[in-house]
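Chain identifiers are assigned alphabetically (A, B, ...) following the order of the sequence lines, protein sequences preceding nucleic acid strands; residue numbering begins at 1 within each chain. All values below were derived from every heavy atom in this structure, side-chain atoms included, with hydrogens, water molecules and symmetry-related copies excluded.
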Amino acid sequence: MKNYLGEFEELVLLTVGVLGVDAYGVAIKQEMEVRTRKKPSIGALHTTLNRLEQKGFVKSWEGGATAARGGRRKRFYNLTATGKSVLQEAHTLRAQFLNDIPNLSIDNG
Amino acid sequence: MAREQIKKEPQPPRWLQLPLRWFCTPAHLEVIEGDLLEMYNLRFSGKGRTAANIGWITDTVKCLRPGLIRRFLSNERTNSNKNPMMIGNHFKVARRNLVKHWNYSLINIGGLVIGFAACIVIGVFVHTELSYDRYHTKSPRIHRLVLDLTARGEKLPWAIATGKWGPRMVSEIPGVINHAALIPNWGNKSLVEYGDKKFYEARFGWADSAVTEIFDFQFITTSDPIPLRRPGAIIISESVASKYFVNEDPLGKILRRDDETDYQVTGVFQDIPTNSHFHLDLIASLQTASKEERDGYWGYSYVELHEDTDPAAIDKALGELLEKYAITKPNTAKLYLQPLTDIHLHSNLMYEFESVGNLKTIYIMVVVGGFILAITCINFINISTAFAMKKVNEIGIRKTLGATRINLIVQNLLETLMVSAISIVAAYLLARLLIPGVEDITGKSLILTIMNNPSALLWVALTVVVVGVAAGAYPAFYLSGFKPGLAVKGGGASAKSKAHFRKALVVLQFSISVILICGALTAYQQLNFMQNKDLGMSGDQVLGVSIVYAQNIRDSYQSFKNEALAYEGIENITRISNFPMELTSMWVGTFKLQGASDDEVVRSKWFTVDHDFLPTLSIQLKEGRDFSKDFVTDSSRSVLMNEAAAKSLGVTNPLGSEIELVGYDRKMEVVGIVEDFHFASLHNEIEPLLIFMGMGDNTRLAIKLKGNNISGAMDDLEKVWSKYEPSRPMESQFLDSYFNEKYSNEKTIMKFIVVLTILAIIIAGLGLYGLAAYVLQLRLKEVGLRKILGASNGGLLALLTRDFVKLVLISALLAIPFSIVFLNSWLEEFPYRVELGPGIFILAVGLAVVITMITIGYRSLTVANCNPVETLRDE
């Protein structure tokens, strides 16, 4: 399937979107912990981010070394247009499915 | 400027930073390292340095993902300057060598996996034994009150005391915070009812409410923070709860015990883990008992001490307490505290809750584990060395191209470390498969907790390194010393001169195997001996039934007996105080000849019985007569004694003499002497024994069946039983199997040793096979020449195997003295034991030779049968 998104990939992508220009490793990790109560490891996060970048869903640039990072630069990520549309597609697909489940009204929560 | 800033922030120690830098792809290293450092800082300020370091390690490990690990095995030429040791290349070559010589690799890794797995299983077993009672949060502060009774110069260490001491300690000895009494059901089974569900429960007990405060009970549900607070409350284990209450909330339900007492469930706790010295499924509140009643109860008393209290000081205070309250004569009793964690392995008192562990078993396990590890290592060294010979060409080339000695040593060590690491992972998986089998053997659930146990992980890592280095060091140093010219031409000459070292290793390996075989055979013989020894009595076709709670039968025993005996299949019935070998409820007391002084008493065990005791258990009368209904006074005035008792009295013929039981005001005439029989298990010498009638209410039945239709006879018996006890199903066990249960500890050791011996033999066999394959390879040409010159196949086979058999025989010679020492010290524990005859040793050596022949025979045969044209052609 083209533009397939795994569950974890989707969460990472969403978080990157939510964080806007501040999306880098630790920030993404913390945001995900707050929102999902899961604890992704930095390793898992970077593997996924690399993959998302290869697929063209995010773009990245380096910058912003701080003392807490031992002087190492951060890599910031941002959603690309493709990334946004993939998220939209995924959402639409799900909404359709949910609508078609009998006895489940998402409108009423 | 920037550098100064950096230094202020906390960082993990340098050696913790190295792994990530080493394996992470350069493209992502900076960013990931930065992220991890940031996390480190967050954790550092939140939870401190240790937590941050641990977090760093786990984060690093979690970065071990395909996308983030750099490519070690590719030609990263750009990297070679940074990496003069060519580690990547070494891994590549190691992998290629493993694959190319797959047969050696298989033998090598196979041996290692089996050896490691055996060691892991042993480690888990030993760890479980050592972890007894350590899981309680307060365990270092919990002690058990125990009692030394001194009777006539003999010390009797009891695990139990009366219930009154606990409260006294709390109120009168500073430092004692809390106490709880725990009273077991003394081997009886209680019938517990809920609705139409009825089960016999062996693990029923009573306890003070503080028991849940002192010990860690994991409650699944409770209706009260102190569930045993109220009278009539009971807490039950999860497994018992699921038995009685299906789809029901157990809380508040009423359980009825033995048709007399009702208890209300106030809590359900998770089953008590294996590594507890007591296991109870139902614990009823002691609050039901009145103060007088509970003061008189015999049970286990546990106290919780204040953190700063020295148990020795409490022991001293206990002495004073005893003096203050004691009714007994001074110096006859001594109360002292026993640390909770000592109960399982470091004490063996009378009236223990359950049979405790045996420190000797653990020593045996550790020694055997060490043996197996040694065999495994030797195997590994041997095969790695032989295997390294195949690489002399490679080493020559490397040297010519400028490799230093250090280079080569590192390369070899890396190879063996790699094999060792692969093996331990496989061994862990194998161990996981083996654990259920081991649990069957030991009857204990073991917990394989390597992954979440840092110290265990450290041990495992240490083993990998030690084994890897031990096995790699010799070939590494030895091979790296080759002269390049010689090595390229083929270092055959020097290869032979070093064979002595490997021969010595094989001898060591087989010595250990022979010791283990001797051990296994002896353990088997001893167990067999104990289970089949003539006990002087027979439990064959004798049913044992407890009638503690069968009140109707106790009340009208005589008519029950008569009705039962009317059936053809029931030969005899007797009523006794306790089954033979049921030592916990046996009477203990002293007696003396009438009129003798107090110094001449004899310590003895007593059976109180009913008529027909001797015939039911097939005990032989030596002199005099059995009890008989014709003598009315038998029920109060006659006594039988065993030969041991007669001997300790010190009179030539005690028959007809009067004896008195000390402290009971009872005088009896000796009417018969029975032959010594083993009323205790064979771990004990036969002690003086008195058998008499009419004291106390005997609560055990022994019923001898006869004929071929045993199940029919049992049905008949049950018919009579249910007539008297309609609400209590009969619970019975054949006494011979009951006797055999007394040897379960030996059975466990034996099974363990047999399995481990087989594993050791397999490992040693694998090593020998690998070595033989290599040596025979070297001799191919020799064999070819000999064949051309007219040697027969048989002659060649003898020639090729002779060396190995010689080695095995030398091993046997070395092993036998060690075995004798080891085994004698093990056997010493048993008063009744097998003699170490030559048979065992001959058998062990024979086995070793046969195994040698099987392992090397096939290889030798192939070599001897090969066509000389093929082996000689290339010259």
Smallest separation among heavy atoms of B:D35 and A:V26, with atom names: O-CG2, 3.4 Å

More than 12 heavy atoms from other groups under 6.0 Å of CZ on B:R65: yes

Side chain / backbone / both / neither for B:I32 at chain A, heavy atoms under 4.5 Å: both

Set of side-chain hydrogen bond (donor to acceptor under 3.5 Å, both in side chains) partners for A:E9, sequence neighbours left out: A:R51, A:K55

Beyond-backbone contact of A:R75 with B:E30, side-chain heavy atoms, under 4.5 angstrom: no

Atom pair OG1 (A:T47) and NE2 (B:H28), whose distance is rounded to the nearest 0.5 Å: 8.5 Å

Minimum heavy-atom distance B:G34-A:R72, with the two atoms named: CA-CB, 3.7 Å

Closest non-hydrogen atom pair, A:R69 against B:L37: O-CD1, 3.4 Å

Residues, nucleotides or ligands: over 12 heavy atoms within 6.0 Å of B:R21 CZ: yes

Residues of residues 45-64 of chain B near chain A, each having a heavy atom less than 4.5 Å away: B:K62, B:C63

Contact check, side chains of B:V31 and A:H46, non-hydrogen atoms, under 4.5 Å: yes

